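Nothing here was measured: the structure is a model prediction, and the numbers come from that model. Heavy atoms only: backbone and side chains are in, while hydrogens, waters and symmetry mates are out.
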Amino acid sequence: MIDEEKVRQAVILFLEGIGESPEREGLRETPDRVARACKEIFGGYDGDPKKVLLKRFDSSARDLVIEKDIQFYSMCEHHLLPFYGKVAVGYVPNGKVVGLSKLVRLVSLYARRAQIQENLTEQIADALMKNLDAKGVIVYVQAEHMCMSMRGVNCPGTTTSTLSHRGLLSDDKALRDAFFERIKL
């Protein structure tokens with residue numbers, strides 16, 4: 001749970017630390033704005049992946065179910081700068097499927113935390129495997145990191161890709177290839 005008062009105090013100290021006055025007209029309400037924004041940006045800590053994926057439906061589907069182009073925004077835990085991009089998720093059902101919006105909600109739950117992209121990818125794959133009882137799962141994330149684009153190496157447009165797979169999708173290269181062929185469409 002976000003402690004808005006601590007965030008407000010931290011923003012005041014931050015503004016003073018960069019040489020600004022928190023009392024300047026344009027900054028007077030900034031600590032409150034940032035505290036409210038943090039509730040949304042870091043709201044994933046309050047979520048439970050099990051609850052997100054609880055509602056399932058019987059299905060005879062035995063091939064890959066894929067949802068792609070799931071847009072997300074997250075915060076790099078090293079610099080507290082955004083990284084953003086798209087996620088593609090695939091799973092092989094084991095008698096049950098989940099509503100498609102639940103896959104988007106799951107991505108959003110994990111993206112709304114301070115973390116690194118590699119962990120985001122693993123968290124989504126683990127949650128799907130554990131809570132869907134899927135035969136296999138694959139998660140592909142591609143993102144641009146503002147810590148590389150606007151500072152440090154200053155290289156905008158560079159993207160980082162991460163991949164995680166479990167079960168059948170770890171064992172079957174043809175199935176992984178089918179996933180990548182289908183997400184190109």
Any donor-acceptor pair under 3.5 Å linking the side chain of [X] with the backbone of [Y]?
| X | Y | answer |
| --- | --- | --- |
| D177 | L175 | no |
| R182 | A178 | no |
| R28 | E23 | yes |
| E67 | L103 | no |
| E144 | G157 | yes |
| R112 | G43 | no |
| S74 | I116 | no |
| K68 | I183 | yes |

Partners meeting ring pair (Phe, Tyr, Trp, His ring centres under 6.0 Å) with F57 (sequence neighbours left out): none
Pairing residues for K39 by the salt bridge (Lys or Arg N to Asp or Glu O under 4.0 Å) criterion, not counting sequence neighbours: E4
Qualifying residues under salt bridge (Lys or Arg N to Asp or Glu O under 4.0 Å), relative to D172, sequence neighbours excluded: none
I'd like to check [X] versus [Y] (side-chain heavy atoms, cut-off strictly below 4.5 Å). Are they in contact?
| X | Y | answer |
| --- | --- | --- |
| M75 | L81 | no |
| M1 | Y45 | no |
| Q142 | K86 | no |
| I138 | R176 | yes |

ILVMFWY network linking L120 to V139, side-chain heavy atoms under 4.5 angstrom: yes
Pair Q117, T162: side-chain N/O donor-acceptor within cut-off below 3.5 Å: yes
S164 versus R166, side-chain donor and acceptor atoms under 3.5 Å: yes
Count the heavy atoms belonging to other residues, nucleotides or ligands that lie under 6.0 Å from [atom1] of [X], then report whether that count exceeds 12.
| X | atom1 | value |
| --- | --- | --- |
| R105 | CZ | no |
| Y73 | OH | no |
| E5 | CD | yes |

Check against ring pair (Phe, Tyr, Trp, His ring centres under 6.0 Å), Y140 and F180: CA-CA 9 Å; Y140 177 72; F180 282 108; 5.4 Å; yes
R36 bridged to D32 by N-O distance under 4.0 Å: no
